[in-house]
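Contents: one structure, followed by commentary.
No hydrogens, no waters, no symmetry mates; every other heavy atom, side chains included, goes into these values. In what follows, every chain begins at residue 1, and chains take the letters A, B, ... in the order their sequences are listed.
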Amino acid sequence: MAKNQELAKILYEIADYFEMEGVAFKPYAYRKAALSVEALQEDVGEIYSKGGTKLLENIPGVGRNIANEIKEYLERGKIKRHQIFRKKLPLNLNELTAIEGMGPRKAKILYQKLGAKDLKSLERAARSHKIAPLFGFGQKTEQNILQGISFLKRSKGRFLLGEILPTIEEAYEKIAKLRGVEKINVAGSVRRMKETVGDVDFLVLSKNPKKVMDFCASLPEVVRIWGKGATKTSLRLEQGFDMDIRVVAKRSYGSALQYFTGSKEHNIAIRKIAIDRGLKLSEYGLFRGKKIIAGETEKGIYKKLGLQWMPPELRENQGEIEASSENKLPQLINIDDIRGDLHLHTTWSEGKQTIEEMASMAKAMGYEYLGISDHANLPVANGLDEKRFLKQMKEIDGLNKKIGGIKILKGAEINILKDGSLDIKDQVLDKMDYVIAGIHSSFKMGKAQMTERIIRAMRNPRLNIISHLTARKIGEREECQMDLGKIIRAAKEYNIVLEVNSQPKRMDLKDINIRRAKEAGVKMVISTDAHNGDHLRFMELGVAQARRGWAEKKDIINTQSLGKLSSFIKKKKNNRNRLE
DNA sequence: GCCGTTTTCGGCCCGACTGTTTTCAGTCG
């Protein structure tokens, strides 16, 4: 499939080049083809060898011309048109268009006039004031480019949802309490609970927009006001991210919410459905001719289009629209379904709180059980050896007698060593209620070797859960290379539960992998990997990620009662006894 | 360049804002 991805990338780039040239509609056509190729289940090479360019033309968005270019790519590894473009315009468009206000057309002009081909050369041109005198540019544009570059450098433009959510909730509460505010919603990627977000959009219903605008601009956490109009204000908060607040009319509130929630792909698809029905959808409403027929609520709009309302987490045009039209939307898991947390650390290893403190906090959250899973041998994290694990179990036994209302389970997060073995002896693992294992070293292994490493660990019948499977850290560490399809099949075969790690930086499994696991019938657990009491609230993020992966209550084991969870784990133990 | 129950031409998602112009192109969401 790697071939499909590479080809898609080339097609996207051709689209960008056409855009730079100002050619109409071809960018759209190439992007559509690229998207299809990207999502293809079968390898393009196989399709071509089966039925030539004729069969390639069956791919949506691929016609005779692009089919021939795919053929070119398959035979020669490159596409002539792409090569010619690249020679003519050798600039790093992805890097340049990441700047706010910079698109392909401006990038092309700046390259041709000033030779700016990447961030570095563009910054040099802007600093020496060569941009402002150009036709169609000016002082302001030059300044904005410099600011955009500095923002990119500082933050790479995206923020971890988990890090900014508390600030967003605070702002939400403040605006909601303002007199005259009838309704407020957060929209955009925050509402869709994407793991990283670019900025935050608020929608407000109020008869006094000016008051809302004034109030928001005067919030103490505001460090910059980008713009303040009658119904829209754009702000930069001290944490470094931007917030847009819009006041919209009541009759358009639902359509505005739908529109600003996105995703863009979802909206494009929805608008096409409107067009098919002779209607027009915009942020102002759903229209037949000039007559508005829906707009006050999202539900009303979707209904008029023959669709069920879709949870924002699903709105990525990844099949949710089809499922909605057939009344086959999943019953997504909810935060209230969670009965306990099975992955957290205490003062025994690298955690900040004692078992007792964590247990009482979990009890206050209404949990039925809490699993303690301190690190094994990991030197940096003050990991436990066999002796200390046995000592910790004794402490847990004592606490279970002392604290009522919540059951503390004995677990551990042990290491999957380079060869796939586990670093705690089976005799000690046998005494635990459940066992988690994860990769904490040798991240840069080859794909085949890494896959074998993980599957070998799964074969240990004492193992219940694999934590943060791909070991990625958003913005810091790439996913480990592995054959995910193979690993998911192995998880199913060996009855291994895959973790949805809720640390903002991890989010691992991520949404698309959750969906793959679910479709393969693999059970998952949503865990916080808490290192202190505050982290227990990350559960909300993991649940959101699971919802983005279409997970339902039945897919997640820590929605089960203690009794069911125990017998689920015990069943595995019994099977093992029979085998041994 | 692609597509078609409006099928070989004519449309392709839509509207607003910004910064530059003096009626609009480019960009964004």
Side-chain angles (χ1 to χ4, degrees), chain A residues 11-12 14-37 56-70 79 81 93 96-110 131-145 147-148 157 187-192 194 197-201 203 226-234 242 244 246 248 252 255-287 305 315 317:
Chain A
L11 295 174
Y12 278 125
I14 294 177
D16 289 337
Y17 285 125
F18 274 124
E19 190 114 60
M20 278 193 258
E21 299 282 33
V23 178
F25 303 116
K26 288 188 191 185
Y28 175 84
Y30 273 89
R31 270 188 203 119
K32 202 174 161 204
L35 196 72
S36 294
V37 168
L56 287 174
E57 284 182 47
N58 282 347
I59 301 168
V62 174
R64 208 171 57 180
N65 285 292
I66 294 183
N68 275 323
E69 287 181 339
I70 295 178
I79 295 171
R81 165 173 265 159
L93 195 67
L96 292 169
T97 53
I99 301 167
E100 188 80 13
M102 177 75 66
R105 306 278 296 151
K106 279 187 193 163
K108 182 192 172 194
I109 295 168
L110 291 173
I131 292 175
L134 293 178
F135 183 80
F137 292 77
Q139 286 294 333
K140 202 81 186 241
T141 309
E142 191 172 274
Q143 276 312 304
N144 284 345
I145 287 172
Q147 274 178 12
S189 49
V190 176
R191 184 162 180 241
R192 302 201 314 280
K194 265 195 84 145
V197 297
D199 60 7
V200 183
D201 299 293
L203 286 189
W226 297 115
K228 183 165 164 279
T231 58
K232 184 188 165 188
T233 293
S234 295
D242 291 343
D244 285 352
R246 290 182 174 79
V248 297
S252 301
S255 46
L257 183 59
Q258 195 281 330
Y259 174 77
F260 286 109
T261 297
S263 65
K264 194 179 172 193
E265 289 71 23
H266 175 89
N267 284 354
I268 288 173
I270 294 291
R271 282 178 184 207
K272 283 193 178 146
I273 292 175
I275 290 166
D276 288 346
R277 295 182 167 230
L279 308 172
K280 189 186 71 170
L281 179 64
S282 75
E283 62 260 53
Y284 297 104
L286 183 62
F287 295 88
L305 297 174
R315 298 186 197 170
N317 194 25

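Look at CD on E265(A): it is 15 Å from C1' on dC14(B), rounded to the nearest Å. Taking atom NZ of K272(A) as the reference point, atom C1' of dC14(B) lies 12 Å away to the nearest angstrom. Between Y284(A) atom OH and dA16(B) atom C1' there is a gap of 7 Å when expressed in whole angstrom units. Atom CZ in R31(A) sits roughly 13 Å away from atom C1' in dC12(B) (whole-Å rounding). As a whole-Å value, the separation of Y30(A) OH from dC3(B) P is 12 Å. The CG atom of N267(A) sits 10 Å away from the C1' atom of dC14(B) (whole-angstrom rounding). As rounded to whole Å, 11 Å separates atom P of dC2(B) from atom CD1 of I14(A). Regarding F287(A), its CZ atom lies at a distance of 12 Å from the C1' atom of dC14(B), rounded to whole Å.
Nearer to the 5' terminus of DNA chain B, by closest-nucleotide assignment, is the contact made by G61(A) (compared with the other of S282(A) and G61(A)). Comparing D244(A) and A33(A) along DNA chain B, the residue whose closest nucleotide (by nearest heavy atom) sits nearer the 5' end is A33(A).
Applying the 4.0 Å criterion to OP1 and OP2 of dG15(B), one finds that Y259(A) has every side-chain N and O outside that range. Contact between the side-chain N/O atoms of K32(A) and the OP1/OP2 oxygens of dC3(B) is not found at any separation under 4.0 Å. At the phosphate of dA16(B), neither OP1 nor OP2 sits under 4.0 Å from any side-chain N or O atom of R246(A). For K264(A) and dG29(B), the shortest distance from a side-chain N or O to OP1 or OP2 is not below 4.0 Å. Here N65(A) reaches the OP1 or OP2 of dC2(B): one of its side-chain N or O atoms lies under 4.0 Å away.
Checking dT8(B) for Watson-Crick or G-U wobble geometry (two distances, each under 3.5 Å) identifies no partner in any strand.
If you take atom C1' in dC9(B) and the same atom in dC14(B), they sit 24 Å apart, rounded to whole Å. dT21(B) and dG26(B) have their P atoms separated by 13 Å, given to the nearest Å. Taking atom P in both dT6(B) and dT20(B), the straight-line distance is 46 Å, to the nearest Å. Only the C1' atoms considered, dC24(B) is 23 Å distant from dG11(B), to the nearest whole Å. Across the C1' atoms, dT7(B) and dC2(B) are found 13 Å apart, a figure rounded to whole Å. When the C1' atom is compared between dT18(B) and dT23(B), the two are found 15 Å apart, to the nearest whole Å. Spacing of C1' atoms, dC3(B) relative to dT8(B), comes out at 10 Å, to the nearest Å.
S263(A) places a side-chain N or O within 3.5 Å of a backbone atom of R315(A) that can act as its donor or acceptor partner.
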Check nucleotides 5-11 of chain B against the protein and report each pair of N or O atoms closer than 3.5 Å, with its distance, or say if there are none.
none

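Taking the side chain as every heavy atom from C-beta outward, L35(A) and Y12(A) approach each other to under 4.5 Å. Between N317(A) and K264(A), every side-chain heavy-atom pair lies at or beyond the 4.5 Å cut-off.
Residue Y28(A) has its side chain nearest to dG1(B) when only dG15(B), dG1(B), dG29(B) are considered.
Rounded to the nearest 0.5 angstrom, L305(A) CG and R271(A) CZ are separated by 11.5 Å.
Judged as a salt bridge (charged side-chain N to carboxylate O under 4.0 Å, His left out), and not counting sequence neighbours, K280(A) has no contacts. Looking at residues two or more places apart in sequence or on another chain, you find a side chain to side chain contact (heavy atoms under 4.5 Å, CB included) between A187(A) and D201(A), L257(A), F260(A), T261(A). Every residue two or more places apart in sequence or in another chain was checked for a side chain to side chain contact (heavy atoms under 4.5 Å, CB included) with E100(A), and none qualifies. Every side chain to side chain contact (heavy atoms under 4.5 Å, CB included) that I109(A) has, sequence neighbours left out, goes to K113(A), F137(A). With sequence neighbours excluded, the residues that form a ring pair (Phe, Tyr, Trp, His ring centres under 6.0 Å) with Y17(A) are F85(A).
Across all strands shown, I270(A) has no heavy atoms under 4.0 Å from either base or sugar-phosphate atoms. Nucleic acid contact for I66(A): sugar-phosphate only, since backbone atoms but no base atoms lie under 4.0 Å from a heavy atom of the residue.
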> Just by protein heavy atoms under 4.0 Å, how would nucleotides 17-28 of chain B read 5' to 3' in B, S and -?
Replying inline: --SSS----SSS
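Under the salt bridge (Lys or Arg N to Asp or Glu O under 4.0 Å) criterion, the residue pairs touching residues 59-69 of chain A are E69(A)-R81(A), with sequence neighbours excluded. Residue pairs meeting the salt bridge (Lys or Arg N to Asp or Glu O under 4.0 Å) criterion with at least one partner in residues 21-34 of chain A, sequence neighbours excluded, are D16(A)-R31(A), E19(A)-R31(A), E21(A)-K88(A), E21(A)-K108(A).
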